[in-house]
Visitor: 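Encoded as structure tokens, here's the structure I'll be asking about.
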Amino acid sequence: MSSRNMKLEDAKARAQVAFEKTEQRKRDASQVWQAIEDEALQVRLKTERLKALRLAKEASEAEAKAKLPEPSEAKPVRRRRTKDN
């Protein structure tokens with residue numbers, strides 16, 4: 001085997017290693033990206049659930065407040081003390 005063929009084979013081997021390394025990085029990046037998207041989805045779902053609970057609570061409180069009799073705006077009449085009391 002000539003030295004030229006040996007250099008060509010070394011170059012091919014280095015190129016193959018570089019290619020495999022690049023492909024592995026792509027797979028790793030894809031997995032990380034998917035994990036980030038999954039976490040973001042979970043956060044959105046939790047936020048929606050908490051918002052629904054808050055709105056239900058506010059509606060319940062508003063309904064309970066509507067059922068209460070409203071206090072009169074007029075001031076109560078004060079009675080004067082008499083000697084009989």
Side-chain angles (χ1 to χ4, degrees):
M1 207 183 251
S2 71
S3 63
R4 183 175 178 175
N5 283 342
M6 200 148 192
K7 289 180 184 178
L8 183 60
E9 288 176 13
D10 288 343
K12 284 182 181 180
R14 285 194 307 269
Q16 184 64 31
V17 168
F19 174 77
E20 290 170 0
K21 194 175 190 181
T22 301
E23 289 299 309
Q24 183 61 42
R25 286 183 179 170
K26 285 181 185 178
R27 286 190 295 273
D28 292 345
S30 178
Q31 288 175 346
V32 169
W33 186 260
Q34 186 62 46
I36 290 170
E37 286 188 346
D38 291 345
E39 185 177 342
L41 175 64
Q42 293 302 319
V43 168
R44 283 193 301 275
L45 292 174
K46 184 175 181 181
T47 301
E48 289 175 10
R49 184 177 57 82
L50 291 173
K51 183 177 179 181
L53 289 171
R54 180 179 50 82
L55 291 174
K57 178 183 174 191
E58 288 175 357
S60 173
E61 289 173 351
E63 185 179 323
K65 186 176 180 181
K67 288 182 179 179
L68 293 176
E70 292 193 25
S72 172
E73 293 292 325
K75 293 183 178 180
V77 177
R78 297 179 99 192
R79 293 187 177 180
R80 290 188 176 187
R81 287 190 176 186
T82 62
K83 291 184 181 184
D84 295 338
N85 286 351

Visitor: Can you check whether Leu55 reaches Glu58 side chain to side chain, under 4.5 Å on heavy atoms?
Guide: yes
Visitor: Going through the distances and angles, do Leu41 and Arg44 end up as a side-chain contact (heavy atoms from CB on, under 4.5 Å)?
Guide: CA-CA 5 Å; Leu41 175 64; Arg44 283 193 301 275; 3.8 Å; yes
Visitor: Donor-acceptor pairs under 3.5 Å, side chain of residues 31-39 to any protein atom, not counting sequence neighbours: which ones?
Guide:
from	atom 1	to	atom 2	distance (Å)
Trp33	NE1	Glu37	OE2	2.7
Gln34	NE2	Asp38	OD1	2.9

Visitor: Between the main-chain N or O of Ala18 and the side-chain N or O of Thr22, is there a donor-acceptor pair closer than 3.5 Å?
Guide: yes
Visitor: Ser30 side chain to Lys26 main-chain N or O, any donor-acceptor pair under 3.5 Å?
Guide: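 Checked: no pair found.
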Visitor: Answer whether the closest heavy-atom distance between the side chains of Glu61 and Lys65 falls below 4.5 Å.
Guide: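 Side chain of Glu61 against side chain of Lys65, heavy atoms only: no contact under 4.5 Å found.
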Visitor: Restricting to side-chain hydrogen bond (donor to acceptor under 3.5 Å, both in side chains), what partner residues turn up for Asp28, sequence neighbours left out?
Guide: Gln24
Visitor: Hey, could you give me the CD/CG distance between Glu48 and Leu53, rounded to the nearest 0.5 Å?
Guide: 12.0 Å
Visitor: Please tell me if the side chains of Arg14 and Asp10 come closer than 4.5 Å, counting only heavy atoms from C-beta onward.
Guide: yes
Visitor: Counting only heavy atoms not in Arg54 (residues, nucleotides, ligands), do more than 12 fall under 6.0 Å from its CZ?
Guide: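 Yes, CZ of Arg54 has more than 12 neighbouring heavy atoms, counting only those of other groups under 6.0 Å.
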Visitor: Run the side-chain contact (heavy atoms from CB on, under 4.5 Å) test against Glu20 and tell me which residues pass, sequence neighbours left out.
Guide: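 Glu20 satisfies side-chain contact (heavy atoms from CB on, under 4.5 Å) with Gln16 only.
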